[in-house]
Amino acid sequence: MNLGSPLTALKGVGEKREKLYQKLGITNIGELLEHYPRGYLDLTGTLAIKDASDEHPCAVKAVVTQKSPTRPIRKGLTVSKVRATDMERDLLITFFNAKYTVDALEIGKEYIFYGDFTRRMTGGEMSSPIVIAPGESGFLPQYPLTEGLSSKMVSAQMKTALEECGHLVKETINDAVLKKYGLCSKAEAIRSIHFPACSEDLEMAKKRLIFEEFLAFTLGMNLTKGKTRTAEGNAFSPVSIEDFTSSLGFELTGAQKRVIAECEKDMCSPVPMSRLIQGDVGSGKTAVAASCMYFAAKNGFQSAMMAPTEVLASQHKATLERMFAPFGIKVGLLTGSMKASEKAEVKAAIKSGEITIVTGTHALIQEDVEFDNLGLIITDEQHRFGVRQRSALGRKGKAPHTVVMSATPIPRTLAFVLYGDLDVSVLDEMPKNRIPVKTYLVGPELSQRALGFVRNFAKEGKQSYIVCPLVERNEDSLPLEAAADFAEQIAGQELVDCNVGLLHGRMKPAEKERVMQAFAENRLQVLVSTTVIEVGVDVPNAVCMVIENAERFGLSQLHQLRGRVGRGKEQSYCILISGKNSPETKRRLEVIAKTTDGFRVAEEDLKLRGPGDFFGYRQSGLPMLKMADMMTDITLLEEAKKAAAEILSDDPKLDKPENAALAADIRKLLEEAAV
Ligand code: ADP
Ligand code: MG
């Protein structure tokens, strides 16, 4: 048996199972070995019920004492209740649509139950935990599956494959790089990624495999696109921007200062800056952008800042105007919906250099916008733009410096990193005065109370958002009306004494802007909105966010929405209203309620949805990266890029024997990606 052998060479794999594996794209032993787990059940710390935590999933050991009959609660949904004990405390377990699992449980026998745990007076409760026979221990790999395959089967076959062929796995990274970056061998990594002996092993394996993927991608991109950074740019002179930063009205965070310094350094080089600034909502990206633009202005260059929506663009305009007015720097706005005459006026001022800083939407990249001397382009919330659009603006000046700002950690970001050969800066620190938003998850019966809450805030002069997903009227199942009806209704009833505004996607841009402006100036206390407020809007006086039908949003989207409040010095609140809930939905929403850290939210999103969904790479033309949690591995990406540069400087075409295996992998990758 070798890596090229068909799967049927393995015990337990016949033609039928071979077909199932084919569905996962696995046709031989080598490919099976690279079918990595999407997660693990950690049984290393099996707990007594009294020690179980409701913070994260746990493995609880208990003896089944009682099973109530499985019964239907509505069409397509059955529920079964099981009681278990560890002789000290009791565990009440609810299973949904799991008759088979429940039937298989034997009364009087001990099992490990793995999942989220909720503490109760006499013990605890679990909902649809995974049931594990008590003999198992360590980390149980959980694989991406297809119907008919279970992780148990895959893991049994993986064991055999490793025993027979594990030693045949080829090393792809040359010794010097392995040593320099402290990486384990590929064979070792493959073994440990499936069956780690301890968490250190697992970390080692992940690090190695992620590094390899980053390395292959970076090299691949370099080889196909050639050097992207050969263009001549404008090297700015180091100037102090202290006068500007000290006028902001707050002390920059350490992270902001660091990132600004990184950008300044880049801008002083003749190689144009190409940098991604990644920071969670509220981390203060705008101040960083403004500082960079000031730096450019002091060097005598214009800056352009692109935003994904008109609302955002005009908000940026207002913010920047406020910041730059004391320095006599003129800020302009250019959006698609402006009158032709207004546009012409702004364009003329951009061309003459009278406007130093211009913000806008994609109108900015239209062919006929000419700059006097564009030195810096900043793109906010980059993921809304295509790469092509970005480069179109890039052609406007003489190789201007570019910055992309994003609140979405990865993986979209990662795609840009790879596409665009960007350097990465991370704003990993929140402004000090921030008080974490308090988040509550409630049923629709409390919807009225939430509105009462909003009304009280309005009385105190504070503002609120109410977000409801725009639902077509003819959609039968949901009682929620379209946002417009809803706004009208509450404006007439519950919130009759407040000024209520409405913002939705189908409004004309100018209308949207009027409403947004009114809200920003506190002429409206309540803004009823669809998701158009999702990105970027900054109104520090808004302290309450009510989200109707919260289950309709993805986790990261909810996090972005919540990021609209908690921007000032006041305690802010986010109330998620959600009715009919499957256990999965409830779990999802509870994640948001429990954490305010964007990286954790994204991580949980990934866990719950599985990496397949999360990395939409096939569509973007990048082959799927296999390792799931690389989103937290920005540092590793940086190291891999460094290693790639080192390898290429020594072996520009990758034709030295020690890089042959890597070169072969990259060729395969590029073929798959059809770049
Ligand atoms: P985002 O990163 O989501 O774009 P913003 O740039 O809109 O965040 O900043 C959010 C809010 O925090 C703004 O009101 C801004 O004025 C404020 N802010 C930014 N940096 C700081 C800081 N260092 N200290 C206090 N407040 C800050
Ligand atoms: Mg922003």
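When a ligand or atom number is given, it counts from 1 through the structure's own listing order. A quick note: this is a predicted structure, and the numbers were derived from the prediction, not measured.
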Using a 3.5 Å cut-off on N or O atoms only, is P540 in polar contact with ligand 1?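 Such a contact does not occur with ligand 1.
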
Polar atom proximity, P431 to ligand 1 (N or O, under 3.5 Å):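 No, P431 has no N/O under 3.5 Å of an N/O on ligand 1.
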
Which atoms from ligand 1 have a heavy atom of [X] less than 4.0 Å away?
| X | value |
| --- | --- |
| T286 | 4 (O), 5 (P), 6 (O), 7 (O) |
| S283 | 2 (O) |
| V281 | 3 (O) |
| Q256 | 19 (C), 20 (N), 22 (C), 23 (N) |
| T253 | 23 (N) |

Any donor-acceptor N/O pair, Q463 side chain to F519 backbone, under 3.5 Å: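 Answer holds: yes.
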
With a 3.5 Å distance limit and no angle check, can you tell me whether N373 reaches the backbone of G300 through a side-chain donor-acceptor pair?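 Side chain of N373 to backbone of G300: a pair is present.
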
Residue pair E548 / S447, side-chain donor-acceptor N/O under 3.5 Å: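 On atom types as modelled, these side chains qualify, holding a pair under 3.5 Å.
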
Look up atom SG in C574 and atom CD1 in I592, then write down how far apart they are to the nearest 0.5 Å.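 CD1 of I592 is found 8.0 Å from SG of C574.
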
Could you tell me if the ring centre of F301 sits under 6.0 Å from that of H401?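 Between F301 and H401, the centre distance exceeds or equals 6.0 Å.
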
So is G279 close enough to ligand 1, meaning a heavy atom under 4.0 angstrom away?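 Not so, G279 does not reach ligand 1.
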
Would you say that more than 12 heavy atoms from the other residues, nucleotides or ligands in this model lie under 6.0 Å from the CD of E345, or not?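 Atom CD in E345 is not packed in, count stays at 12 or less.
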
From atom 11 (C) of ligand 1, work out which of K285, E251, R434, H316 has a heavy atom at the shortest distance.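 Ranked by closest heavy atom to atom 11 (C) of ligand 1, first place is R434.
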
Look at the rings of Y294 and F244 and say which category their plane angle falls in: under 30° parallel, 30 to 60° tilted, over 60° perpendicular.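 The arrangement is parallel - the two ring planes meet at less than 30°.
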
Could you tell me whether L252 approaches ligand 1 through its side chain, its backbone, both or neither, with non-hydrogen atoms closer than 4.0 Å?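 It is the backbone that touches ligand 1; the side chain stays farther off.
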
